[in-house]
Amino acid sequence: IDLLVRKVLPDGGAALTSVLERIAGELDPHLAFEARVREGLQRLQAATTALCEAAPRDVQGPYWVAGDYLRAVALVLMGWAWARILRRPEAAAPRWRQGADAFARWVWPELEMRLGLVLAQAQSPTPAVHG
């Protein structure tokens, strides 16, 4: 809630966009993993924009997906960290390659789910709770 409601929404995502653009500028779109991370960054930015646009119409909506949004941001940042690690010469060692492969196979796909939940919330208002 702190990240999304108190940090991202008040400035319309401008500060986070600045950070994401800086990170995207470091990524090489010709390297397969870095291209995937760059795409994740772009999709996170699109989700951020959608949330910022929907928030005035659905003030409760961001609270429902704040945890998913935080996790999506964390996944993108972890992807960026792995991209940086893989550029280092010592990353050719099996221990680094295995870790990167495990991240790409088992952790990175979660981004699709998290962003899907965030976008679904942004596109349809929170249902009223009665009772």
Side-chain angles (χ1 to χ4, degrees):
I1 292 171
D2 184 59
L3 174 65
L4 181 56
V5 176
R6 293 186 59 214
K7 305 292 191 300
V8 174
L9 293 179
D11 73 354
L16 182 62
T17 295
S18 175
V19 170
L20 296 178
E21 287 173 351
R22 226 172 318 140
I23 291 171
E26 291 182 18
L27 297 169
D28 184 345
H30 299 97
L31 299 175
F33 182 74
E34 293 193 27
R36 286 177 66 194
V37 174
R38 189 180 181 110
E39 179 185 332
L41 282 164
Q42 292 167 344
R43 291 178 48 234
L44 175 61
Q45 182 55 47
T48 301
T49 299
L51 277 173
C52 289
E53 290 172 355
R57 296 183 313 274
D58 182 16
V59 296
Q60 293 300 313
Y63 290 91
W64 285 88
V65 294
D68 297 302
Y69 185 82
L70 175 64
R71 183 68 180 183
V73 171
L75 288 164
V76 166
L77 294 176
M78 285 191 293
W80 171 54
W82 272 110
R84 292 179 58 137
I85 289 168
L86 292 175
R87 286 191 209 140
R88 299 184 54 85
E90 58 269 23
R95 71 185 185 113
W96 291 108
R97 284 285 158 204
Q98 290 168 350
D101 290 345
F103 175 80
R105 183 173 182 185
W106 300 107
V107 180
W108 184 253
E110 182 185 341
L111 181 64
E112 181 76 25
M113 178 197 63
R114 300 295 178 175
L115 290 176
L117 292 168
V118 168
L119 285 170
Q121 177 60 49
Q123 294 167 354
S124 65
T126 304
V129 178
H130 300 286

Is any side-chain heavy atom of [X] closer than 4.5 Å to a side-chain heavy atom of [Y]?
X      : Y     : result
Ile1   : Arg6  : no
Leu4   : Tyr63 : no
Trp82  : Trp96 : yes
Val8   : Val73 : no
Ile23  : Leu77 : yes
Leu117 : Trp64 : no
Glu34  : Glu26 : no

[X] versus [Y], closest heavy-atom pair with distance:
X      : Y      : value
Gln121 : Asp58  : NE2-OD2, 2.9 Å
Ala92  : Arg97  : O-CG, 4.0 Å
Gly40  : Leu115 : O-CD1, 4.5 Å
Val37  : Trp80  : CG1-N, 3.8 Å
Pro109 : Ala104 : CD-O, 3.5 Å
Ala122 : Arg57  : O-NH2, 4.2 Å

Side-chain heavy atoms nearer than 4.5 Å, only ILVMFWY residues, links allowed to pass through others: does that put [X] and [Y] together?
X      : Y      : value
Val107 : Met113 : no
Met78  : Leu111 : yes
Leu31  : Val76  : no
Val59  : Tyr69  : no

task = State whether the side chain of Ser18 and the backbone N or O of Ala14 hold a donor-acceptor pair below 3.5 Å, judged by distance alone.
result =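 No.
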Glu112 side, atom CD; Trp108 side, atom CH2 - distance, nearest 0.5 Å = 10.5 Å
inquiry  = Quick check for you: to the nearest 0.5 Å, what is the distance between Arg95 atom CZ and Glu90 atom CD?
reply    =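 The distance works out to 8.5 Å.
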